[in-house]
Amino acid sequence: MKLHEYQAKQIFSQYGIAIPRGRVASTASEAKSVAQELGGRVVVKSQVLVGGRGKAGGIRLANTPSEAEEVATQILAMQVKGLPVRKVLVDEAATIVEEIYLGVTNDRGARSPVMIASSEGGIEIEEVARIMPERLFRITIEPLLGLREYQARYLAASIELRRELWREFVGIAQGLYTAYTESDATLAEINPLVITGDGRLIALDAKMVVDDNALFRHAELAEMRDFDEEAPPEREARKYGLSYVKLDGDIGCMVNGAGLAMATMDVIKLFGGEPANFLDIGGGAGADKVAAALGIILSDSNVQAVLFNIFGGITRCDEVARGILMALKEVSTDVPMVVRLTGTNEAEGQRILAEADMLTAGSLSEAAQTAVSLANERHSV
Amino acid sequence: MKLHEYQAKQIFSQYGIAIPRGRVASTASEAKSVAQELGGRVVVKSQVLVGGRGKAGGIRLANTPSEAEEVATQILAMQVKGLPVRKVLVDEAATIVEEIYLGVTNDRGARSPVMIASSEGGIEIEEVARIMPERLFRITIEPLLGLREYQARYLAASIELRRELWREFVGIAQGLYTAYTESDATLAEINPLVITGDGRLIALDAKMVVDDNALFRHAELAEMRDFDEEAPPEREARKYGLSYVKLDGDIGCMVNGAGLAMATMDVIKLFGGEPANFLDIGGGAGADKVAAALGIILSDSNVQAVLFNIFGGITRCDEVARGILMALKEVSTDVPMVVRLTGTNEAEGQRILAEADMLTAGSLSEAAQTAVSLANERHSV
Amino acid sequence: MSILVDKKTRLLVQGITGREGFFHATQMMEYGTQIVAGVTPGKGGEWVLDGKIPVFDTVVGAAETTGANCSVIFVPARFAADAILEAADGGIPLIVCITEGVPVQDMMQARSHITQHGSRLIGPNCPGVLTPGASKVGIIPGNIAIPGSIGVVSRSGTLTYEVLYALQRKELGVSTCVGIGGDPINGTSFLDVLAMFEDDPHTDQVVLIGEIGGTDEERAAEFIADHMTKPVAAFVAGMTAPADKRMGHAGAIVEGGSGLAADKIAALKSAGVRVAEHPDLIPEVVA
Amino acid sequence: MSILVDKKTRLLVQGITGREGFFHATQMMEYGTQIVAGVTPGKGGEWVLDGKIPVFDTVVGAAETTGANCSVIFVPARFAADAILEAADGGIPLIVCITEGVPVQDMMQARSHITQHGSRLIGPNCPGVLTPGASKVGIIPGNIAIPGSIGVVSRSGTLTYEVLYALQRKELGVSTCVGIGGDPINGTSFLDVLAMFEDDPHTDQVVLIGEIGGTDEERAAEFIADHMTKPVAAFVAGMTAPADKRMGHAGAIVEGGSGLAADKIAALKSAGVRVAEHPDLIPEVVA
């Protein structure tokens, strides 16, 4: 789960990391009054959960409270990569002398957290890694020991930070690491961490992604989820414990297992079709879950055919068959469907489908080919 | 640093461990009003930093507030192992069904914390270890992982705790371990942890010893030190960073290094004397520290002779010599002294002492023999 | 004949009285797996599976009494790291964690510890290990694979079944199938399993099933090029997955440019691996 | 000729610009120890000891540049665990921590980690290691021991000097003297050092200096009885120490009945160790 900049900043600030004075606002007039409180120049920043806000014009300076209001009006009316801006963060503007990058994330290879620092802050770290990898320094953190002071100092020395700022930098690095572990984050990032005109280190931007699997122990973080940032079908899917990602094609698919779901999409494509979505119903899904999943697939008006690919292990084929029929009773649709069921309770599942005159397939290839034909026929109608 | 029972209970309670309702009182009338607040039967417990309070009559039941006042009057007038009782803890009396032992301490051998549990609570755990070692269960805790739930459950299963209390017991064990680590304790102990008539687990007694070396990061614990429980010379010694323990003999000694100090005491004894104290001035002690140390030694009126044994390494012999002379100027005394100085800046030290006509010795044996003769002569005078 | 598990495997089931643990313990026993004990804290002393299998409160108690040498874990996600540590601490050399949704930081800590203490972990979030005809440890359906000489290793669950099923239809047998799990932090990697297959005299060739995210397939390709003498075939899922979208589980995030299926396939091909276009075609590319 | 340190020891001094670090670095250099670098965070780039020794910000920087293979630590107690971990992480195989007053829990964590990562720690709260005539790492005065074949191992500081001095006056030479430190949690035990002396062809016999508290001497006695062929002499301080009183440092607590000097002496004697009545008598009991 991604957090908004203003939420991540609040968290970082609790761990002793200096952030600019500022507050989030939902309306332009609220933004104006925040700017009045702060006095001086402010930055108005769109709060959306995608990158590239700056380039899209979603981050702007304002010299006066009325200018802040004006800028906020514009930003609150815009979309960034298709996402409407619903909130802005109004921060006091800082005088920036240098921009640093500091982040911590999981390193799959080392199976440990890794902290990354660079003297080249303010641009995306992937970009730094590409153009000037020699300016990027990383330390692997032993998860049972946590970030040690000497490691933070090593980063400070590596990015050639001026020495009078080392102690402050070490404090920030330790704060960031603690925020990362105590929030069960998978990413905690300050970009840029700036040296201000008066020689302080301030986190001008903040990014944090929290491990969904650990939200059970972070009620306060779970509450931060911004449902407005999710499309309604994704939201609906989460409610049922389904993984759904909308795509641009016309063949809806429902599969158990993420790997098999991706493989199913690949096979559809291979036979000339375009998948309309990724949808993993997970292991052991019952009839109600299947019904909910079908409803979500059909809510996409692009869908011209639906492919079910269920390899029963924990999941029982008869349950899935019943779920499909249950859903079809509720959702009246003329979208054609093909079902491929194999594994646990396969015979019973096939019987149920046969009784309902559902189209079935014996293998994944066959099912995909059928789905592609069905979609093409419907297009040509 | 040992904490009082009431202090340890407060800490344990912050970690979710149930303790009896109760409060500490410094006067009998205060004890009475605590008993009134609590209602019902209470236990009045002397708060002194030594074991054996119960046997000494320092823990007594009271059925009514006036009985509590009476009992508190008696307890506050008594001494336990020579220590005057200055405070009592007044706790509500619990109905005890079973008594358990639960403690965590450092295991030198495993170089790890060890948690110990026994179904035989209420008696000293050393006693359990002696008479029924088969009733004592221990688990070694990996310091980097902390106490895991399965380990606490292993202890619960081992002491044959009834199953409906396992979850509560696991919570208590984890609370105790966290209190131990977060307080930098070297011992955290609940004895007894009782099962009450209504089936709850409550910590009836609590003991905690904190690592003196870690007090720098625990201002709140450092403030809990009960200076009343220390004899004035010990208090004075701590102020100067000296280690001083008063003993019953008549030969005072001042040594640099704990091992050498003990060896010096041993040699005194070997030559027929009795050491009056243990005193380690530590490494690199300067003249003022030496002067303070001499003052502390001479504050013991039993002292008939003083032996200085300094093996200069970090400590400089000339500094020590100057310290002795400085102290002798302030404290006028006729107690005879012998000085043995070897090591760093030995020549200069010897010269200073010679100028002041101090008695010196070339080896530890010689110094000890001289000190014993000096003390004997003075006795016979 | 196999790696990791065989007829000598003496299996302990952690979470045996739970819904999933019980169901799959039953399936495993029916398959012929030698289940020797179950563990459910607070239920020690009970007997399950028609009164044949004793339940213990602790792993150490179970292991000491029954000589279990492998444990399979079906406990809820929030207790999984503790269960893994308990198994390792109980001296179990092979631990298979089926549980899905274990927090990443729990896994980083647990893995760091058990690695230093000599136990091997498979998973979490994996279907387990199947040596056809000998031992089934986990949830891989037993009826979709026959004994043989193809080693199968996969990051996926049901996609693995699809491949096993495709092999079975062509009467191609499997020495052992290892599902290493799709989580970002897991106990055993492709490399570990490839090395075991390379050393196993009863495995003639290997099928590797990868997916988008991470760089495991690239590292596997490097290992294959440098150290494998046996032929390897592969399928990588996610050619059509859009970059930067989460596809179901954490292993399936495309991480900024790398982690793409196309890159993985290219790496495998250049290591001499024959890559199938879709799972049904795996039998065509095995040697 | 020695164990642990010798003429090939290339020493790094952590905390070299501090008061104690600087003083003892000077002493060590005067003794002939091959000091190659110092570390003081924030002072990298400076040169100390008459401009001969470069100072680095980090251990890894110092080790890479100078090939240091041993580090001696003089940092304040609250930074000691971090310094130990930094040295281990920097690949230093032998770490000698002089610092006194390190919190016990810091040490338990640091020790658990470095043990798993292959570095040896001597101390903390120890006087260091002296191989007379070759290398002095720590604070043992260099002028109180001459080269020879007696190995000395001790939990104490100045008491060790007393014993070395007594040996020197009788012209008895020392192969290496190791102060393992008096703290409850230390890196290297009597057993470790006894085993090294047993294996060292240039050590003919060993002097062990113990004190009250813990059971290290008892375990040493057991080891001597079972594994040592070379003669061992000993002195144990604290015969007159009252039970249950803290004598200066944590190593010197009598823990409930065990840990008494008398018990330790009895254990050593029954292992064939000749125990001196006082430190001056050590030369009488060596072989």
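In what follows, chains are A, B, ... by sequence order, proteins preceding strands, each numbered from 1.
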How about [X]: does its [atom1] atom have over 12 heavy atoms from other parts shown lying under 6.0 Å from it?
X	atom1	answer
B/R225	CZ	yes
B/E160	CD	no
B/E37	CD	yes

- With distance as the sole test, does C/D82 use its side chain to make a donor-acceptor pair with the main-chain N or O of B/R148 at under 3.5 Å? no

- Query: So which residues of residues 161-177 of chain B are in contact with chain C at a heavy-atom cut-off of under 4.5 Å?
  - Reply: B/R163, B/W166

- Query: Side chain, backbone, both or neither: which part of C/V59 has a heavy atom under 4.5 Å from chain B?
  - Reply: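 Neither part.
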
- Identify which part of C/A83 has an atom lying under 4.5 Å from any heavy atom of chain B, answering side chain, backbone, both or neither.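 Neither the backbone nor the side chain of C/A83 comes within 4.5 Å of chain B.
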
Which distance, rounded to the nearest 0.5 Å, do you find between the [atom1] of [X] and the [atom2] of [Y]?
X	Y	atom1	atom2	result
C/Q116	B/E142	CD	CD	7.5 Å
B/R153	C/E86	CZ	CD	5.5 Å
B/Y150	C/D89	OH	CG	3.0 Å
B/L145	C/H117	CG	NE2	8.0 Å

